[in-house]
Amino acid sequence: MRVEPVSGRVISGPLEDVYVYEAPVRLWHWVTMLCIIALGVTGYFIGSPPPAIGGEAYDHFLFGWIRMVHESAGVILVVAFLVRIYWAVMGNHHARSIFYVPLWSGEWWKALKDQGLYSLFLKRESQLWVGHDPIAQASMFFMFTLGALFLCVTGLALFAEQWGWGTYWMMWFGWVFVLFGDPQMVRTLHHLAMWYMVLFAFIHIYMVFREDIMSGGSVIGTMVNGIRMFKREPRA
Amino acid sequence: MNDTYYELMRRRGISRRSFLKFCSLTAASLGLGDAGAQQIAQAMQTKPRTPVIWLEGLECTCCSESFIRSAHPLAKDVVLSMLSLDYHMTLSAAAGQQLRENALETIAKHKGNYILAVEGNPPLAEDGMYCIYYGRPFVEVLREYAKDAKAIVSWGSCASWGCIQAAKPNPTQATPVHKVITDKPVIKVPGCPPIAEVMTGVLTYILTFDRLPDLDAQGRPKMFYSQRVHDKCYRRPHFDAGQFVEKFDDAGARQGFCLYKVGCKGPVTYNACSTVRWNEGTSFPIQSGHGCIGCSEDAFWDKGSFYDHLTTLTVPGLAGVEGTADKIGLTVLAAAGAAVAAHAAVSAIKQARSKTRNDQVSEVEK
C-alpha cells in the first residue's frame with residue numbers, strides 16, 4: 001500500500017490494516033473525554049450555580065464538591081496532556097499529528113482542498129486516510145490542542161489564585177493575570193473557552209460518526225483498538 | 001517640624017503607656033509581631049516626622065473622607081502626631097496663596113525626603129485643561145511636586161487605575177499617576193475609596209520604617225492587597241455549601257447567603273474589606289447585603305454589570321452588540337447545531353442514493 005507521507009492519503013493498494021493509535025494515545029483520548037465531560041458540567045455550574053439549598057451551611061458542601069470535581073478533573077486533564085506530549089515525542093508518526101499543521105506541504109494543501117470539496121458534497125467519495133484527514137488534523141490542532149492549552153493555562157492560573165500570592169503556584173501562573181489584565185478577565189475567557197471546547201466536542205462527535213458510516217475507513221473502532229481498516233479501494 | 005513623633009505626642013498630653021499601646025495596635029494592624037511594636041516605638045522616638053504633601057486632582061474627595069475616619073490608628077493621631085501633613089486642600093485651615101507657599105516651603109526644605117500623596121488623577125486631553133490648579137493644568141502641578149518627592153502614594157482607584165473618569169470612552173483622557181510620573185516609586189492604594197485603616201496603615205509603615213512596603217506585581221502593598229475579599233469573607237461557608245442569594249429580596253438574602261449569583265466580585269477582587277472592614281470595623285458591602293463591586297480592581301467600570309460575576313463581552317465585528325460568555329457560547333453552538341443538522345441531512349440523502357445506486361448495480365450484475 002502506498003501512502004502520501006505528510007497528509008496520510010492512500011495513493012494505491014493493495015489495502016492493508018494499519019496500526020494508527022497506540023495504546024497510550026487511546027487511553028489518553030478516553031481519559032480526556034471523561035475529564036472534559038466532568039469539566040464542562042461542573043464548570044457550567046461554577047459559572048451558573050444550581051438553585052440554593054436551605055438549612056445550615058455546615059450541613060452542606062455541594063458547591064465545594066462541584067469545585068473539587070472540577071479542579072480534580074482539570075489536574076487529571078493537565079497530567080494526561082503532559083503524558084500525551086511525552087508520547088508525541090516517543091510514539092509513532094500519528095501520535096504527533098494533533099500538535100502541528102503541515103502548512104508547508106503542498107501535498108497537504110491539495111489534500112485539504114480535496115477533503116473540503118468532499119465535505120461540501122462537491123465530490124462523491126472521500127480519499128482514504130491513514131491518520132487524520134487534513135480537515136480533522138487542522139481542527140484537532142486549532143480547536144482541541146490550542147483550546148485545551150488555553151483552558152489548562154487559565155485554569156491552572158485560577159487554581160493558583162486559590163493558593164494565593166507568594167505560593168509556588170502563583171509564581172508559575174501569576175503572569176496569566178498580568179497578560180489578560182485582571183482575574184475577572186481570566187475567568188471570563190476561561191468560561192468562553194469552555195464553549196469553544198464544547199463546540200469542538202460537538203463537531204468532533206458528529207464528524208466521527210459521519211465518517212465512520214460514510215468514509216472508506218474505520219473511525220470509531222480505530223480509537224478503540226488502534227487499527228484503521230479500509231472498506232473500499234482508494235478513489236482515483 | 002523636626003520633632004520626633006514621640007515628643008509631639010507627649011506634648012499633646014499622650015502618656016507613654018498610651019503611646020506604647022498605639023504602637024502595638026499599629027503593629028498588629030500592619031501584621032507585624034511583638035518586635036514590630038518595639039520597632040515602631042523606637043522609630044517614633046528617634047526619627048523626625050516625614051512631611052506629606054497631599055494633592056487632589058480629578059477626584060471626588062472620597063479618599064480624604066475615608067482617611068479621616070481611620071480608627072486604628074486614629075486619623076487625628078496620624079494627621080496631628082505621626083505625619084506632618086503639610087499640605088491638604090480640604091483639611092488645611094489655610095487656603096489659596098498661603099497654602100501654596102506652605103507646600104513650596106516643604107518641598108524646598110525636604111527635597112527628596114517628602115511623600116507625595118495623590119488623590120485623583122490628571123486628565124491629559126486638551127493639554128490637561130480639564131483640571132485646573134492655581135490656574136495651571138493639574139498635570140503640571142503634579143509633575144512639579146513629584147520632582148523632588150521620595151515616593152508617591154496613589155490614593156484610591158482614580159490615582160491607581162483611572163476609575164470612573166477614565167472609564168470608556170474617557171473623554172478627558174484621565175490617566176493614572178504611575179503613567180505620568182515614571183521616575184519615582186509609586187505605591188498604589190486602590191479602592192473607591194480605599195479603606196481608612198489601609199490608608200493610614202500604609203503611611204504609618206512608610207514613616208516608621210523609613211522604607212516602602214513590599215508591593216505586588218501591580219504595585220499594591222502586599223500586606224493589604226494579597227488576598228481576595230472572597231478568601232476571608234464571612235459568607236464563604238455559604239459559598240462552599242451552595243447556598244446563594246438568588247434575588248435581593250429572597251429568603252437566602254435574609255439569611256445572609258453568599259452573593260456570588262447576584263454578581264459579587266469578591267472572588268476576583270484583591271482588598272482587605274473582609275478582614276479590616278469599614279467604619280471602625282463595623283461592616284463592609286457584603287456584610288450589608290450587597291455583593292462586592294470590585295472597586296479596587298483596574299477598570300471596574302468597564303466590565304459590564306455589577307450584578308454579573310463575569311465580564312460583559314463585546315462581540316468583535318458587531319459594534320455595540322454585547323453579551324455574556326454563555327450567550328455567545330450558546331449562540332455559536334446553536335449555529336453549529338443548525339449547520340451540522342443540515343450537513344447530516346444532506347449526508348443521509350447522499351448515503352441513501354448511493355445505496356440505491358449500488359443496489360441497482362448489483363441488480364444489473366445479477
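Chain A is the first sequence line, chain B the second, and so forth, proteins listed ahead of strands; every chain is numbered from 1.
- For chain A, the nearby parts of B:Lys303 are the backbone and the side chain; heavy atoms of each come within less than 4.5 Å.
- Residue contact with chain B, scored on non-hydrogen atoms closer than 4.5 Å, involves the side chain of A:Met170 exclusively.
- If you measure heavy-atom distances from A:Arg67 to chain B, the contacts under 4.5 Å come from the side chain alone.
- In A:Arg232, the CZ atom is crowded: over 12 heavy atoms of neighbouring residues, nucleotides or ligands sit closer than 6.0 Å.
- Comparing A:Met185, A:Met68, A:Arg124 by how many heavy-atom pairs each has under 4.5 Å with chain B, the most go to A:Arg124.
- Only the backbone of A:Glu56 comes within contact range of chain B, with heavy atoms under 4.5 Å apart.
- Summarising the local packing, NZ of A:Lys231 is surrounded by more than 12 heavy atoms from other residues, nucleotides or ligands at distances under 6.0 Å.
- The number of heavy-atom neighbours closer than 6.0 Å to NZ of A:Lys123, taken from other residues, nucleotides and ligands shown, is above 12.
- When heavy atoms are compared at a cutoff of 4.5 Å, B:Ala339 does not approach chain A at all.
- Most heavy-atom pairs under 4.5 Å with chain A, from the set B:Gly252, B:Ala344, B:Gly337: that is B:Ala344.
- Counting heavy-atom pairs closer than 4.5 Å to chain A, the top-ranked of the candidates B:Arg228, B:Gln227, B:Lys222 is B:Arg228.
- Chain B forms more heavy-atom pairs under 4.5 Å with one residue of A:Trp65, A:Tyr58, A:Trp195 than with any other, namely A:Trp195.
- At least one side-chain heavy atom of A:Ile46 sits under 4.5 Å from a side-chain heavy atom of B:Tyr260.
- The shortest heavy-atom contact between B:Phe244 and A:Pro50 is CD1-O, 4.3 Å.
- When heavy atoms are compared at a cutoff of 4.5 Å, B:Lys265 approaches chain A solely by way of its side chain, counted from C-beta outward.
- The environment of NZ in A:Lys110 is sparse: at most 12 heavy-atom neighbours from other residues, nucleotides or ligands sit within 6.0 Å.
- Proximity to chain A (any heavy atom under 4.5 Å) is restricted, for B:Arg236, to the side chain, taken from C-beta onward.
- Looking only at distances, no side-chain donor or acceptor of B:Thr311 sits under 3.5 Å from a matching main-chain atom of A:Thr188.
- Contacts between A:Tyr44 and chain B at a heavy-atom distance below 4.5 Å involve the side chain alone, from C-beta outward.
- With a 4.5 angstrom heavy-atom cutoff, A:Phe202 touches chain B only via side-chain atoms.
- Put simply, OG on B:Ser347 and CE on A:Met207 are 8.0 Å apart, with the number rounded to the nearest 0.5 Å.
- The minimum heavy-atom distance between B:Phe239 and A:Phe63, with the atom names listed, is O-CB, 2.9 Å.
- With respect to chain B, the highest number of heavy-atom pairs below 4.5 Å among A:Trp175, A:Tyr206, A:Phe61 belongs to A:Tyr206.
- Between chain B and the options A:Gly64, A:Pro183, A:Gly164, heavy-atom pairs under 4.5 Å are most frequent for A:Pro183.
- For a residue to count as touching a neighbouring chain, one of its non-hydrogen atoms must lie under 4.5 Å from one of that chain's; by this rule B:Glu297 touches chain A with the side chain only.
- In this structure, the side chain of B:His309 does not engage the main chain of A:Gln184 through any donor-acceptor pair within 3.5 Å.
- Nearest heavy atoms, A:His191 versus B:Ala325: CD2-CB, 3.4 Å.
- Expressed to the nearest 0.5 Å, how far CG of B:Asp240 lies from NE2 of A:His60 amounts to 13.0 Å.
- The aromatic ring centres of B:His343 and A:Phe121 sit less than 6.0 Å apart.
- Counting heavy-atom pairs under 4.5 Å between each of A:Val198, A:Asp59, A:Leu192 and chain B puts A:Leu192 at the top.
- The contact between A:Arg210 and chain B is made entirely by side chain atoms (from C-beta outward), counting heavy-atom distances below 4.5 Å.
- Within the 4.5 angstrom heavy-atom criterion, atoms from both the backbone and the side chain of B:Leu333 approach chain A.
- Neither the backbone nor the side chain of B:Phe300 comes within less than 4.5 Å of any heavy atom of chain A.
- Contact count against chain A (heavy-atom pairs under 4.5 Å) is highest for B:Glu246 among B:Glu246, B:His238, B:Gln218.
- For B:Asp250, no part lies near chain A; criterion is any non-hydrogen pair under 4.5 Å.
- Contacts between A:Ile213 and chain B at a heavy-atom distance below 4.5 Å involve backbone atoms as well as side-chain atoms.
- Shown here for A:Arg187 and B:Pro267, the closest heavy-atom pair between the two residues is NH1-CB, 4.0 Å.
- B:Gln243 places a side-chain N or O within donor-acceptor distance of the main-chain N or O of A:Gly55, the cut-off being under 3.5 Å.
- Ranked by heavy-atom pairs under 4.5 Å with chain B, the first of A:Ala52, A:Pro49, A:Ser48 is A:Pro49.
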